[in-house]
Novice: 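Got a structure here, written out as C-alpha coordinates. Questions coming.
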Amino acid sequence: MKNKSYTFLTRTRWIGLIVLVLATAFTTVLACRTGIDPAPATIAGSFGSIVVLLIIARILKVRDDLFFCGLLFVYFASPVGSVLDLYRSVGPYDKIVHFFSGILLASLGAMIMSMLLKRAVHTIKKTKAYLFTQAAFAFFFSSAFAGIWEIFEFTADRLSGGDMQRGMVDTVTDIIAGNTGALTYFLIFTILIAAGKARIDDKLLN
(Lines give C-alpha, C1' and ligand atoms only; values in the text may rest on other atoms or scores of the structure.)
Protein backbone atom coordinates (compact mmCIF):
# COMPACT_ATOMS: atom_id res chain seq x y z
CA MET A 1 0.00 0.00 0.00
CA LYS A 2 1.46 3.34 -1.04
CA ASN A 3 1.70 6.21 1.41
CA LYS A 4 -0.24 9.38 0.67
CA SER A 5 1.86 12.13 -0.87
CA TYR A 6 3.05 14.74 1.60
CA THR A 7 1.81 18.29 1.07
CA PHE A 8 3.89 20.78 3.00
CA LEU A 9 2.01 24.05 2.59
CA THR A 10 -1.64 23.13 2.90
CA ARG A 11 -4.40 25.75 2.72
CA THR A 12 -4.50 26.19 6.50
CA ARG A 13 -0.72 26.48 6.66
CA TRP A 14 -0.75 29.12 3.94
CA ILE A 15 -3.30 31.09 5.95
CA GLY A 16 -1.19 30.82 9.10
CA LEU A 17 1.95 31.87 7.21
CA ILE A 18 0.24 34.88 5.61
CA VAL A 19 -1.13 35.97 8.98
CA LEU A 20 2.37 35.73 10.48
CA VAL A 21 3.92 37.81 7.67
CA LEU A 22 1.20 40.47 7.96
CA ALA A 23 1.48 40.52 11.76
CA THR A 24 5.25 40.92 11.50
CA ALA A 25 4.84 43.80 9.05
CA PHE A 26 2.24 45.45 11.31
CA THR A 27 4.51 45.05 14.33
CA THR A 28 7.39 46.64 12.42
CA VAL A 29 5.27 49.66 11.44
CA LEU A 30 3.99 49.96 15.02
CA ALA A 31 7.53 49.89 16.40
CA CYS A 32 8.67 52.62 13.98
CA ARG A 33 5.68 54.85 14.69
CA THR A 34 5.94 54.57 18.46
CA GLY A 35 9.55 55.68 18.55
CA ILE A 36 11.14 52.28 19.21
CA ASP A 37 12.94 52.49 15.85
CA PRO A 38 14.33 48.95 15.59
CA ALA A 39 17.56 48.46 13.66
CA PRO A 40 17.19 47.31 10.02
CA ALA A 41 19.04 44.10 10.93
CA THR A 42 16.45 43.39 13.63
CA ILE A 43 13.59 43.85 11.18
CA ALA A 44 15.31 41.68 8.57
CA GLY A 45 15.93 39.05 11.24
CA SER A 46 12.23 38.91 12.06
CA PHE A 47 11.31 38.06 8.47
CA GLY A 48 14.38 35.83 8.17
CA SER A 49 13.22 33.78 11.14
CA ILE A 50 10.04 32.95 9.22
CA VAL A 51 12.13 31.61 6.35
CA VAL A 52 14.24 29.53 8.76
CA LEU A 53 11.07 28.10 10.31
CA LEU A 54 9.76 27.10 6.89
CA ILE A 55 13.02 25.40 5.94
CA ILE A 56 13.15 23.39 9.17
CA ALA A 57 9.47 22.48 8.96
CA ARG A 58 9.86 21.37 5.34
CA ILE A 59 12.95 19.24 5.96
CA LEU A 60 11.52 17.53 9.04
CA LYS A 61 7.93 17.34 7.73
CA VAL A 62 6.53 18.57 11.02
CA ARG A 63 2.94 17.96 12.07
CA ASP A 64 0.33 20.73 11.89
CA ASP A 65 0.26 21.30 15.65
CA LEU A 66 4.02 21.77 15.82
CA PHE A 67 4.00 23.93 12.69
CA PHE A 68 1.42 26.38 14.07
CA CYS A 69 3.12 26.44 17.47
CA GLY A 70 6.28 27.35 15.59
CA LEU A 71 4.49 30.23 13.85
CA LEU A 72 3.27 31.59 17.18
CA PHE A 73 6.68 31.20 18.77
CA VAL A 74 8.48 32.99 15.94
CA TYR A 75 6.09 35.92 16.20
CA PHE A 76 6.42 36.38 19.95
CA ALA A 77 10.16 35.66 19.95
CA SER A 78 11.24 37.90 17.08
CA PRO A 79 8.76 40.61 15.98
CA VAL A 80 7.32 41.14 19.47
CA GLY A 81 10.46 40.42 21.49
CA SER A 82 13.07 42.08 19.29
CA VAL A 83 11.26 44.57 17.05
CA LEU A 84 8.96 45.87 19.79
CA ASP A 85 11.87 45.47 22.23
CA LEU A 86 9.84 43.64 24.88
CA TYR A 87 12.98 41.77 25.86
CA ARG A 88 14.21 44.98 27.46
CA SER A 89 11.00 46.78 28.37
CA VAL A 90 9.28 43.81 30.04
CA GLY A 91 11.58 42.15 32.57
CA PRO A 92 10.47 38.47 32.55
CA TYR A 93 9.49 38.37 28.86
CA ASP A 94 12.88 37.02 27.77
CA LYS A 95 12.74 34.14 30.25
CA ILE A 96 9.15 33.28 29.31
CA VAL A 97 10.14 33.01 25.63
CA HIS A 98 13.12 30.81 26.52
CA PHE A 99 10.88 28.61 28.68
CA PHE A 100 8.45 27.98 25.83
CA SER A 101 11.34 27.49 23.42
CA GLY A 102 12.44 24.62 25.67
CA ILE A 103 9.02 22.98 25.38
CA LEU A 104 8.83 23.53 21.62
CA LEU A 105 12.33 22.19 21.00
CA ALA A 106 11.60 19.16 23.18
CA SER A 107 8.51 18.46 21.05
CA LEU A 108 10.67 18.71 17.95
CA GLY A 109 13.26 16.40 19.50
CA ALA A 110 10.59 13.81 20.32
CA MET A 111 9.40 13.90 16.73
CA ILE A 112 12.95 13.49 15.41
CA MET A 113 13.46 10.53 17.74
CA SER A 114 10.36 8.84 16.30
CA MET A 115 11.68 9.35 12.79
CA LEU A 116 15.15 8.03 13.64
CA LEU A 117 13.78 4.89 15.25
CA LYS A 118 10.94 4.25 12.85
CA ARG A 119 12.50 0.94 11.80
CA ALA A 120 13.56 -0.18 15.23
CA VAL A 121 10.14 0.43 16.78
CA HIS A 122 8.66 -2.55 14.97
CA THR A 123 11.00 -4.85 16.88
CA ILE A 124 10.76 -3.20 20.30
CA LYS A 125 8.60 -5.23 22.66
CA LYS A 126 8.39 -2.76 25.55
CA THR A 127 6.51 0.25 24.22
CA LYS A 128 6.99 2.22 27.45
CA ALA A 129 10.77 1.79 27.22
CA TYR A 130 10.70 3.22 23.70
CA LEU A 131 8.53 6.16 24.71
CA PHE A 132 10.72 6.95 27.72
CA THR A 133 13.78 6.94 25.45
CA GLN A 134 11.93 9.35 23.18
CA ALA A 135 11.13 11.62 26.15
CA ALA A 136 14.75 11.59 27.34
CA PHE A 137 16.04 12.39 23.85
CA ALA A 138 13.55 15.26 23.64
CA PHE A 139 14.88 16.75 26.88
CA PHE A 140 18.55 16.54 25.91
CA PHE A 141 17.84 17.79 22.38
CA SER A 142 16.12 20.89 23.77
CA SER A 143 18.76 21.35 26.47
CA ALA A 144 21.54 21.25 23.89
CA PHE A 145 19.85 23.87 21.75
CA ALA A 146 19.46 26.18 24.74
CA GLY A 147 23.25 26.27 24.95
CA ILE A 148 23.75 26.41 21.19
CA TRP A 149 21.48 29.44 20.96
CA GLU A 150 23.53 31.32 23.54
CA ILE A 151 26.68 30.50 21.55
CA PHE A 152 24.96 31.94 18.48
CA GLU A 153 24.05 35.13 20.37
CA PHE A 154 27.60 35.47 21.65
CA THR A 155 29.07 35.01 18.16
CA ALA A 156 26.57 37.39 16.56
CA ASP A 157 27.30 40.07 19.16
CA ARG A 158 31.04 39.80 18.59
CA LEU A 159 30.75 39.91 14.81
CA SER A 160 28.12 42.63 14.48
CA GLY A 161 28.64 44.63 17.66
CA GLY A 162 25.14 43.79 18.87
CA ASP A 163 23.97 43.35 22.44
CA MET A 164 21.65 40.34 22.46
CA GLN A 165 23.56 39.03 25.47
CA ARG A 166 23.52 41.29 28.51
CA GLY A 167 26.09 39.64 30.74
CA MET A 168 26.65 36.23 32.31
CA VAL A 169 23.54 36.36 34.49
CA ASP A 170 21.33 36.91 31.45
CA THR A 171 23.03 34.11 29.52
CA VAL A 172 22.84 31.56 32.32
CA THR A 173 19.24 32.38 33.25
CA ASP A 174 18.26 32.05 29.58
CA ILE A 175 19.76 28.57 29.56
CA ILE A 176 18.00 27.73 32.84
CA ALA A 177 14.67 28.94 31.43
CA GLY A 178 15.11 26.83 28.29
CA ASN A 179 16.05 23.76 30.31
CA THR A 180 13.08 24.32 32.62
CA GLY A 181 10.81 24.22 29.58
CA ALA A 182 12.50 21.04 28.36
CA LEU A 183 12.18 19.47 31.81
CA THR A 184 8.49 20.41 31.95
CA TYR A 185 7.91 18.62 28.65
CA PHE A 186 9.90 15.59 29.86
CA LEU A 187 7.94 15.33 33.13
CA ILE A 188 4.56 15.63 31.41
CA PHE A 189 5.59 13.06 28.79
CA THR A 190 6.85 10.69 31.52
CA ILE A 191 3.62 11.01 33.51
CA LEU A 192 1.60 10.21 30.39
CA ILE A 193 3.82 7.17 29.71
CA ALA A 194 3.37 5.88 33.28
CA ALA A 195 -0.39 6.38 33.00
CA GLY A 196 -0.48 4.50 29.72
CA LYS A 197 -1.81 7.53 27.83
CA ALA A 198 1.25 8.17 25.66
CA ARG A 199 1.53 6.26 22.41
CA ILE A 200 3.82 5.92 19.43
CA ASP A 201 2.89 8.29 16.63
CA ASP A 202 2.14 5.92 13.76
CA LYS A 203 2.07 8.78 11.24
CA LEU A 204 5.78 9.36 11.78
CA LEU A 205 6.59 5.70 11.27
CA ASN A 206 5.08 5.37 7.80
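Residue numbers run from 1 in the order of the sequence given. The shown structure was predicted, so the numbers you read here are calculated from the model rather than taken from an experiment.
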Novice: Restricting to ring pair (Phe, Tyr, Trp, His ring centres under 6.0 Å), what partner residues turn up for Tyr75, sequence neighbours left out?
Specialist: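 With sequence neighbours excluded, Tyr75 shows a ring pair (Phe, Tyr, Trp, His ring centres under 6.0 Å) to no residue whatsoever.
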
Novice: Calculate, to the nearest 0.5 Å, the distance between atoms SG and CD1 belonging to Cys32 and Ile43 respectively.
Specialist: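 Answer for the SG-CD1 pair, Cys32 versus Ile43, is 4.5 Å.
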
Novice: Is it the case that the side chain of Thr28 and the backbone of Thr24 share a donor-acceptor pair, with hydrogens and angles ignored and the cut-off at 3.5 Å?
Specialist: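 Here the side-chain-to-backbone pair exists.
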
Novice: Look up atom CH2 in Trp14 and atom CZ in Arg11, then write down how far apart they are to the nearest 0.5 Å.
Specialist: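 Those atoms lie 13.0 Å apart.
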
Novice: With sequence neighbours left out, write down each residue that passes ring pair (Phe, Tyr, Trp, His ring centres under 6.0 Å) with Phe145, or none if nothing qualifies.
Specialist: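 Phe145: ring pair (Phe, Tyr, Trp, His ring centres under 6.0 Å) contacts with Phe141.
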
Novice: In sequence, state the C-alpha distance, the side-chain angles, and the governing distance for Leu54 and Leu17, and then conclude on side chain to side chain contact (heavy atoms under 4.5 Å, CB included).
Specialist: CA-CA 9 Å; Leu54 289 175; Leu17 179 60; 3.9 Å; yes

Novice: Is Ile148 linked to Ile55 within one hydrophobic cluster, defined over Ile, Leu, Val, Met, Phe, Trp and Tyr using a side-chain heavy-atom separation of less than 4.5 Å?
Specialist: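 Per the 4.5 Å side-chain linkage, Ile148 and Ile55 are not co-clustered.
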
Novice: By ring pair (Phe, Tyr, Trp, His ring centres under 6.0 Å), which residues pair with Phe152, not counting sequence neighbours?
Specialist: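 Phe152 satisfies ring pair (Phe, Tyr, Trp, His ring centres under 6.0 Å) with Trp149 once adjacent residues are dropped.
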
Novice: Please report the closest heavy-atom contact between Ala146 and Ile175, naming both atoms and the distance.
Specialist: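 Smallest interatomic distance, heavy atoms only, reads O-CG1, 4.0 Å.
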
Novice: So which residues get pulled into Val19's cluster when ILVMFWY side chains under 4.5 Å apart are joined, directly or through others?
Specialist: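 ILVMFWY cluster around Val19 also holds Ile15.
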
Novice: Show the atom names and distances, to 0.1 Å, of all donor-acceptor pairs under 3.5 Å that link a side chain in residues 101-110 to residues at least two apart or in another chain.
Specialist:
unit_1	atom_1	unit_2	atom_2	d
Ser101	OG	His98	O	2.6
Ser107	OG	Ile103	O	3.1

Novice: Donor-acceptor pair, distance only, cut-off 3.5 Å: does the side chain of Thr180 make one with the backbone of Ile176?
Specialist: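 Such a contact is found between Thr180 side chain and Ile176 backbone.
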
Novice: Check ring pair (Phe, Tyr, Trp, His ring centres under 6.0 Å) between Phe132 and all other residues, then give those that pass, not counting sequence neighbours.
Specialist: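 Ring pair (Phe, Tyr, Trp, His ring centres under 6.0 Å) check on Phe132 returns Phe186.
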
Novice: Test: salt bridge (charged side-chain N to carboxylate O under 4.0 Å, His left out). Region: residues 92-105. Which pairs qualify, not counting sequence neighbours?
Specialist: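 Qualifying pairs: Asp94-Arg166, Lys95-Asp170, Lys95-Asp174.
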
Novice: Are Leu22 and Val83 connected in a single hydrophobic cluster, I mean Ile/Leu/Val/Met/Phe/Trp/Tyr linked by side-chain heavy atoms less than 4.5 Å apart?
Specialist: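 Val83 and Leu22: separate clusters.
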
Novice: When Ile, Leu, Val, Met, Phe, Trp and Tyr are grouped by side-chain heavy atoms lying under 4.5 Å apart, directly or through other members, which residues fall in the same group as Ile188?
Specialist: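 In the cluster with Ile188 are Leu192.
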
Novice: Can you tell me how far CG of Asp65 sits from CE of Met111, rounded to the nearest 0.5 angstrom?
Specialist: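 If I round to the nearest 0.5 Å, the distance is 10.0 Å.
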
Novice: Check for a donor-acceptor pair, side chain of Ser143 on one end and backbone N or O of Phe139 on the other, with a separation under 3.5 Å.
Specialist: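 No: the side chain of Ser143 does not pair with the backbone of Phe139.
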
Novice: If two hydrophobic side chains count as joined below 4.5 Å and joins carry through other members, does Ile56 share a cluster with Val21?
Specialist: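 Same cluster.
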
Novice: With sequence neighbours left out, write down each residue that passes side-chain contact (heavy atoms from CB on, under 4.5 Å) with Phe26, or none if nothing qualifies.
Specialist: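 Result, side-chain contact (heavy atoms from CB on, under 4.5 Å) vs Phe26: Leu30.
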
Novice: Is there a path of hydrophobic side-chain contacts, each under 4.5 Å between heavy atoms, that joins Phe99 and Val172?
Specialist: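 Result: no, two separate clusters.
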
Novice: Flag yes if more than 12 heavy atoms outside Phe76 fall under 6.0 Å of its CZ atom; otherwise flag no.
Specialist: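 For Phe76, atom CZ is not crowded (no more than 12 foreign heavy atoms under 6.0 Å).
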
Novice: Could you state whether Ile96 and Phe73 fall into the same hydrophobic cluster, counting links through intermediate Ile, Leu, Val, Met, Phe, Trp or Tyr residues with side-chain heavy atoms under 4.5 angstrom apart?
Specialist: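 Per the 4.5 Å side-chain linkage, Ile96 and Phe73 are co-clustered.
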
Novice: Can you check whether Tyr93 reaches Arg88 side chain to side chain, under 4.5 Å on heavy atoms?
Specialist: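 With C-beta onward as the side chain, the pair stays apart.
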
Novice: Output all residues satisfying side-chain contact (heavy atoms from CB on, under 4.5 Å) with Leu71, sequence neighbours left out; order by chain, then residue number.
Specialist: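 Here the qualifying residues are Leu20, Leu53, Phe67, Phe68.
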
Novice: Just jot down the side-chain contact (heavy atoms from CB on, under 4.5 Å) partners of Ile191, sequence neighbours excluded, or say none.
Specialist: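 side-chain contact (heavy atoms from CB on, under 4.5 Å) list for Ile191, sorted by chain: empty.
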
Novice: Please list, chain by chain and in numerical order, all residues satisfying side-chain contact (heavy atoms from CB on, under 4.5 Å) with Thr10, sequence neighbours excluded.
Specialist: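 So Thr10 forms a side-chain contact (heavy atoms from CB on, under 4.5 Å) with Thr7, Thr12, Arg13.
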
Novice: Could you measure the distance from the OG1 atom of Thr42 to the CG atom of Leu84? Nearest 0.5 Å is fine.
Specialist: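 So the gap between those two atoms works out to 11.5 Å.
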
Novice: Under the side chain to side chain contact (heavy atoms under 4.5 Å, CB included) criterion, do Tyr87 and Ser82 qualify, and how do the steps go?
Specialist: CA-CA 7 Å; Tyr87 287 132; Ser82 296; 3.5 Å; yes

